[in-house]
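In what follows, chains carry the letters A, B, and so on, assigned in the order in which the sequence lines appear, proteins first and then strands, with residues in each chain numbered from 1.
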Number of protein chains: 2
Amino acid sequence: MAQLDADQFKEALRAAAGCSGLSVRKAARAVGQLYDDALAPSGIKGTQFSLLTAVGLAGEPTVSALAESLVMDRTTLSRNLQPLVRAGLLRMQTGKDKRQRRIALTAEGRAKLEASLPLWRQAQNRVSDALGEGRAARLRGDLAWLARSASAPVPGPNKT
Amino acid sequence: MAQLDADQFKEALRAAAGCSGLSVRKAARAVGQLYDDALAPSGIKGTQFSLLTAVGLAGEPTVSALAESLVMDRTTLSRNLQPLVRAGLLRMQTGKDKRQRRIALTAEGRAKLEASLPLWRQAQNRVSDALGEGRAARLRGDLAWLARSASAPVPGPNKT
DNA sequence: ATGAAAAGAATGTATATGCATATACCGGCG
DNA sequence: CGCCGGTATATGCATATACATTCTTTTCAT
């Protein structure tokens, strides 16, 4: 059953430890902690801060539009909105097209977001300090490129 | 309540859209999809592939040791192991110190891991192709640096 | 020895994530 | 008018993530 001998197996595992997916997830966990810690006084998580920010920037986006801008599954976003609506920070209402839900900041949501901005800035600066401004900016650029190309359809001989 | 006028608020939100935490999470979602798709024929997810790989490399690590190597909370790892144990890919047993759980690959787990390696390689190559080898390697390096420094205690004037 | 502190791991609760599927709604066609 | 295909969102299920807490076991000071 084992087609590789012990040495070959170990060698292959060492290569797999350099997995780009793992690198990104480990960094996401660590950095997520950093932002969550910094934002703790405001009572929201980094993920929720990003959601509020995206809504504030987009105005009154639909669920689908917001999900696409965040490289996130629509159903995931659908659920992630619920705690924020429950907390009174976001409002969802149907427009003319009753299938759509228009998402908007409440006054309370805007206030919470505004109060969170200095805390976010602290965390952001801590990351920039750890890498240096230049490397941090380049990293964000590479990650954005990766997010775009990874979610794009594969040019190769598979996929629908 | 709103201390910033509309223009200042929008400006601050545009800055917050450049959040490093968000960049990393977006990339993690997109890249996670890519690896999950590639690994689908083997029946395991990218997260589980990483877990099996880490166990294979470490030999018979404890939960805590494995969690640290993966920049992951122990309790998270504790739960993530359960599906793999249930699937018969991992085994957990107590040693002399009955508090510890030694984690090890089963024969089935090793076979699954070995079968997954070529699929993983496809995904890894796709990422390297998207960025170019050089940029991909540099990205992994920066992410590793970030994971280390973000999970390290803050040198500044706060924290316990 | 023994009892308290510390260490290792699991569990309760809550959010985050995505696939398969269900539900609700729009627009067009007969 | 009423059905039908397509669109927008929500739900069921499963895993991933982490904090606070609990449980067991070890260690160690007295």
**Student:** Look at A/Arg29 and D/dT17 and indicate whether a side-chain polar atom (N or O) is within less than 4.0 Å of OP1 or OP2.
**Tutor:** yes

**Student:** Please state how far atom CZ in A/Arg99 lies from atom C1' in C/dT23, giving the value in whole angstrom units.
**Tutor:** 13 Å

**Student:** Please figure out whether A/Ser78 or B/Arg86 has its closest DNA chain D nucleotide nearer the 5' end.
**Tutor:** A/Ser78

**Student:** Closer to the 5' end of DNA chain D via nearest nucleotide, is it B/Thr47 or A/Met92?
**Tutor:** A/Met92

**Student:** With sugar-phosphate meaning primed atoms plus P, OP1 and OP2, does B/Arg74 contact a base, only sugar-phosphate, or nothing at under 4.0 Å between heavy atoms?
**Tutor:** nothing

**Student:** Applying side chain to side chain contact (heavy atoms under 4.5 Å, CB included), name anything that partners B/Ser69, two or more places apart in sequence or on another chain.
**Tutor:** B/Leu66

**Student:** Mind calculating the distance between CD (B/Gln93) and C1' (C/dA9) to the nearest angstrom?
**Tutor:** 16 Å

**Student:** Could you grab the distance from atom OG of B/Ser64 to atom CD of B/Gln100, nearest 0.5 Å is fine?
**Tutor:** 8.0 Å

**Student:** Which nucleotide in the set D/dT11, C/dT17, C/dA7 lies at the smallest distance from any side-chain heavy atom of B/Arg25?
**Tutor:** C/dT17

**Student:** How far apart are the closest heavy atoms of A/Gln124 and B/Ser20, and which atoms are they?
**Tutor:** OE1-N, 3.0 Å

**Student:** Can you tell me if A/Gln8 uses its side chain to pair, donor with acceptor, with the backbone of A/Asp5 under 3.5 Å?
**Tutor:** yes

**Student:** Under 4.0 Å: is that the gap between some side-chain N or O of B/Gln100 and OP1 or OP2 of D/dT24?
**Tutor:** no

**Student:** Please give, in whole Å, the distance from D/dG6 P to A/Lys98 NZ?
**Tutor:** 23 Å

**Student:** Would you classify A/Asp36 as touching base, sugar-phosphate or nothing, given that sugar-phosphate means primed atoms plus P, OP1 and OP2, and contacts are heavy atoms under 4.0 Å?
**Tutor:** nothing

**Student:** In whole Å, what is the span from the CD atom of A/Gln33 to the P atom of C/dA16?
**Tutor:** 13 Å

**Student:** Tell me whether the OP1 or OP2 atom of D/dA14 has a side-chain N or O from B/Gln82 closer than 4.0 Å.
**Tutor:** no

**Student:** Which one, D/dT9, D/dA16, D/dA18, comes nearest to the side chain of B/Pro83?
**Tutor:** D/dA16

**Student:** Touch check for A/Arg102, heavy atoms < 4.0 angstrom, all strands: base, sugar-phosphate only, or nothing?
**Tutor:** nothing

**Student:** Looking only at heavy atoms, what is the nearest atom pair of A/Ala17 and B/Leu57, with distance?
**Tutor:** CB-CD1, 3.7 Å

**Student:** What's the closest nucleotide to the side chain of B/Ser64 if the choices are C/dG8, D/dC19, C/dG18?
**Tutor:** C/dG8

**Student:** Distance criterion of 3.5 Å, no angle test: do you see the side chain of B/Arg79 paired donor-to-acceptor with the base of C/dG12?
**Tutor:** yes

**Student:** Does the distance from a Lys or Arg side-chain N to an Asp or Glu carboxylate O, for A/Lys112 and A/Glu108, drop under 4.0 Å?
**Tutor:** no

**Student:** Within this structure, what is the CG-to-C1' distance between A/Leu51 and C/dA16, rounded to whole angstrom?
**Tutor:** 11 Å

**Student:** Just the rounded figure in Å: distance from P of D/dA16 to CE of A/Met72.
**Tutor:** 18 Å

**Student:** Give the rounded distance in Å between these two atoms: CG of A/Leu77 and P of D/dA8.
**Tutor:** 14 Å

**Student:** With sugar-phosphate meaning primed atoms plus P, OP1 and OP2, does A/Asn80 contact a base, only sugar-phosphate, or nothing at under 4.0 Å between heavy atoms?
**Tutor:** base

**Student:** Pick base, sugar-phosphate or nothing for B/Thr75, based on heavy-atom distances below 4.0 Å to the nucleic acid.
**Tutor:** base

**Student:** Reckon B/Thr76 touches a base, only the sugar-phosphate, or nothing at all at heavy-atom distances under 4.0 Å?
**Tutor:** base

**Student:** I need the CZ-C1' distance between A/Arg101 and D/dT7, as an integer number of Å.
**Tutor:** 13 Å

